[in-house]
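Since this is a predicted model, take the numbers as computed values, not measurements.
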Amino acid sequence: MKRRSITDASRRGIAIAALALGLALALAACNWFGPPDVPVVPTVGFAPLASAVHTLVTIVGTGFGAPTGDVVVTFDGVEADIVTWSDTNIQVRIPVLPTPAGQRAATIVVEKGGEALGTGTYTVLRGILFETLRDGNAEIYVMNPDGTQPTNLTDHAAFDTAASWSPDGTKILFESMRDGNWEIYVMRADGSNLTNVSNDSRADYGAVWAPNGAKIAFMSDREGGGLPPILDADSRLIIPLFDVEVFVVNADGSGLANVTNSPAWDGYPSWSPDSQRLAFETDRDDGPVVLDILPQNLGREIYAVDVDGTDLARLSNDPGDDGRPVWSPDGTRIAFQSTRDGNPEIYVMNANGTGQVRLTNHPDPDVLPGWSPSGDWITFHSYRDGDDEIYKTNPTGTMTVRLTTAAGTDWGPSWSPDGTQIVFASERDGNLDVYRMNADGTSLAQLTDESAVDVNPFWGTYGGRLSP
């Protein structure tokens, strides 16, 4: 009796052990107790290692095979245009990706027939926009920050000019004569999907993005007729008698509104960082002007207004001319130029118009202030050395630094998104080309070298426009 109970217990133990072993094997087959059998995807290389939207990059690897069936290359899930494909090299155009900080690390995946053939991390950069006459008329190009791969984005027989990035780097704002008069256009960063957002028979120009990217402010003479302004190399503006207004429109061309709505000349809008207000220049307190030249005795003042046209406020009140307002990145101050001391100088004031302080003090003109992304510096143009040079000053005016030193015009400084570098146009080598330097003026590099004019570079901030 005792032996039988031991035998039964043994049998039960053997059965339980066998059942447990079978269950363990089944679970192991289902990858529940161990890691799944994931195929190893090769890491691919890149040439170059970083590049801008719409430029070319070569993906280097092995075993890509022929480009048969469903072949796809994606950057953070966005499909890229494949230019060439071989067993070891795939060349693609970088698709449109947001670069609000100036660059991003994007995951590239190469797939064929649904199977991943390779993956890697690629640095997508904010390219430098510029305007060139190399094709016989003004076109908008983009190039890498080192000057490589200049690419025509507009490719049209009419003049295309004054390009600027949207804040996230996915769209480009520019002005064009392709409709027979100056209009404001928006296109994707690769030059596709053009939209005329101003769409009027009168001249529209001077467009600037709102910091949130939702709206665009621009100048228009559609309320009073006349000709657009003529801007020459020393920033003086010839103004016939006509009514210019500041308009605001959504980035898709809808919601057009006149925000200044005055019979006077209102122009050069600058957005507050929260995209809720616009500072602008006006002669509404000086009566009509038949013909004169800025910045001399036009009675210009600076006003601010909400984006819906309400809460109008006068910020400056001086017998001299106050103009070209530029809001600081933190929204607390506005830099501007003024002739109140006899010639153009750079000033700064609080956003409500109080605390106006002169930053420069020189017998020759200092004009066109522009903030660095951090707000630590204000660039400006000066004629104090006998030609056009680029300077910067701190917001208290206690430190002024000359950034360019060559003979000839140096114009239009545009800060990189991270504030470490500046691009500008220069004729130091006999014709206008685009150059790059560190924010302190060192490490100068020539980015374009064409016999045709290359001007008006835009990287992260507006720097001032030269006519091509």
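- Between the side chain of Asp418 and the backbone N or O of Gly102 there is no donor-acceptor pair closer than 3.5 Å.
- In this structure, a donor-acceptor pair under 3.5 Å is present between the side chains of Glu345 and Thr360.
- At least one donor-acceptor pair closer than 3.5 Å links the side chain of Asn181 to the backbone N or O of Asp200.
- The closest donor-acceptor contact from the side chain of Arg104 to the backbone of Thr123 lies at 3.5 Å or more, if one exists at all.
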So Arg277 and Asp306, salt bridge (Lys or Arg N to Asp or Glu O under 4.0 Å) or not? Walk me through it. CA-CA 4 Å; Arg277 283 181 71 75; Asp306 281 353; 2.7 Å; yes

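- Residues Pro369 and Gln337 meet the side-chain proximity criterion, which asks for heavy atoms closer than 4.5 Å.
- Using modelled atom types, one finds no donor on one side chain facing an acceptor on the other under 3.5 Å when comparing Asn343 with Thr339.
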Side chain to side chain contact (heavy atoms under 4.5 Å, CB included) between Val248 and Trp271, intermediate numbers included: CA-CA 11 Å; Val248 168; Trp271 289 94; 4.2 Å; yes

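- Annotation: cation-pi geometry satisfied between Arg300 and Trp265 (NZ/CZ under 6.0 angstrom from ring centroid, within 45° of ring axis).
- Looking at heavy atoms from C-beta onward, Tyr391 lies out of side-chain contact with Leu403 at the 4.5 angstrom threshold.
- Annotation: cation-pi geometry satisfied between Arg324 and Tyr268 (NZ/CZ under 6.0 angstrom from ring centroid, within 45° of ring axis).
- Taking 4.5 Å as the limit, every side-chain heavy atom of Thr151 sits out of range of all side-chain heavy atoms of Met143.
- Side-chain atoms of Ser382 and Glu389 include no donor-acceptor pair closer than 3.5 Å.
- In Lys215, the NZ atom is crowded: over 12 heavy atoms of neighbouring residues, nucleotides or ligands sit closer than 6.0 Å.
- Between Tyr383 and Trp411, the ring-plane angle classifies as tilted under the 30° and 60° cut-offs.
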Please step through side chain to side chain contact (heavy atoms under 4.5 Å, CB included) for the pair Met219 and Trp182, ending with a clear verdict. CA-CA 11 Å; Met219 300 157 63; Trp182 286 111; over 6 Å; no

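- Rounding to the nearest 0.5 angstrom, the gap separating the CZ atom in Arg428 from the CG atom in Asn431 is 12.5 Å.
- Distance check, rounded to the nearest 0.5 Å: OG of Ser166 to CG of Leu173 gives 9.0 Å.
- Remark: side-chain polar atoms of Glu183 are not paired, donor with acceptor, to backbone N or O of Asn196 under 3.5 angstrom.
- In summary, the side chains of Glu245 and Ser220 do not present any donor paired with an acceptor at a separation below 3.5 Å, with no hydrogens or angles considered.
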List the steps and the verdict of side chain to side chain contact (heavy atoms under 4.5 Å, CB included) for Gln421 and Trp415. CA-CA 6 Å; Gln421 298 179 88; Trp415 293 82; over 6 Å; no

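- One finds the OH atom of Tyr435 at 10.0 Å from the CD atom of Glu427 (value rounded to the nearest 0.5 Å).
- Listed by first and then second residue, the salt bridge (Lys or Arg N to Asp or Glu O under 4.0 Å) pairs involving residues 348-369 are Asp341-Arg358, Asp366-Arg384 (not counting sequence neighbours).
- Taking the ring-ring contact (aromatic ring centres under 6.0 Å, His included) definition, one finds that Phe46 meets it with Tyr122, sequence neighbours left out.
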Assess the residue pair Ser316 and Asp318 against the criterion (side chain to side chain donor-acceptor pair (under 3.5 Å)); give the C-alpha distance rounded to whole Å, side-chain angles, the decisive distance to 0.1 Å, and a yes or no. CA-CA 6 Å; Ser316 71; Asp318 192 273; over 6 Å; no

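- The backbone N or O of His156 sits nowhere less than 3.5 Å from a side-chain atom of Thr154 that would complete a donor-acceptor pair.
- With respect to the salt-bridge test (charged N to carboxylate O, under 4.0 angstrom), the residues Asp243 and Arg222 do not qualify.
- Looking at heavy atoms from C-beta onward, Ser164 lies in side-chain contact with Trp209 at the 4.5 angstrom threshold.
- Remark: side-chain polar atoms of Arg340 are not paired, donor with acceptor, to backbone N or O of Gly320 under 3.5 angstrom.
- Note on residues 368-379: no pairs pass salt bridge (Lys or Arg N to Asp or Glu O under 4.0 Å), not counting sequence neighbours.
- The list of salt bridge (Lys or Arg N to Asp or Glu O under 4.0 Å) pairs with a residue in residues 430-452, not counting sequence neighbours, reads Arg134-Glu450.
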Set out, in order, the CA-CA distance, both residues' side-chain angles and the distance that settles side chain to side chain contact (heavy atoms under 4.5 Å, CB included) for Leu359 and Ile378, then state yes or no. CA-CA 10 Å; Leu359 303 184; Ile378 300 169; 3.7 Å; yes

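- The backbone N or O of Ala214 sits less than 3.5 Å from a side-chain atom of Asn212, completing a donor-acceptor pair.
- A side-chain donor-acceptor contact under 3.5 Å links Glu131 and Thr161.
- Leu56 contributes atom CG, which lies 8.5 Å from atom NE2 of His54 (distance to the nearest 0.5 angstrom).
- Put simply, the side chain of Trp371 gets close to the backbone of Val326: a donor and an acceptor are under 3.5 Å apart.
- Between the side chains of Ser262 and Thr260, no donor N or O sits under 3.5 Å from an acceptor N or O.
- For the salt bridge (Lys or Arg N to Asp or Glu O under 4.0 Å) condition, the pairs that include at least one residue of residues 156-170, sequence neighbours left out, are Asp160-Arg178.
- Taking the salt bridge (Lys or Arg N to Asp or Glu O under 4.0 Å) definition, one finds that Arg93 meets it with nothing, sequence neighbours left out.
- Between the Asn144 side chain and the Ala52 main chain, a donor and an acceptor come within less than 3.5 Å of each other.
- Between atom CE of residue Met437 and atom CD1 of residue Ile422 there is a gap of 4.5 Å, rounded to the nearest 0.5 Å.
- Nearest heavy atoms, Pro211 versus Ser272: CG-O, 3.4 Å.
- Counting heavy atoms from C-beta on, the side chains of Ser176 and Phe159 never come closer than 4.5 Å.
- Two residues are said to be in side-chain contact when any heavy atoms from C-beta on lie closer than 4.5 Å; Thr170 and Trp165 fail this criterion.
- Here the closest non-hydrogen pair linking Val92 and Ala80 is CB-CB, 4.1 Å.
- With hydrogens and angles ignored, the 3.5 Å screen pairs no side-chain donor or acceptor of Ser338 with any backbone N or O of Asp322.
- When the options Val434, Leu129, Asp135 are evaluated for a side-chain contact (heavy atoms from CB on, under 4.5 Å) with Tyr141, the one that passes is Asp135.
- Atom CG of Asp283 sits about 10.5 Å away from atom CD of Glu301, to the nearest 0.5 Å.
- Among all heavy-atom pairs drawn from Ala105 and Thr121, the shortest one is CB-CG2, 3.8 Å.
- Side-chain contact between Tyr462 and Val208 is absent, with no heavy atoms from C-beta onward closer than 4.5 Å.
- A donor and an acceptor atom, one from each side chain of Tyr185 and Asp204, are nowhere located under 3.5 Å apart.
- For the pair Phe218/Leu256, a side-chain contact is recorded, criterion being any heavy-atom separation below 4.5 Å from C-beta on.
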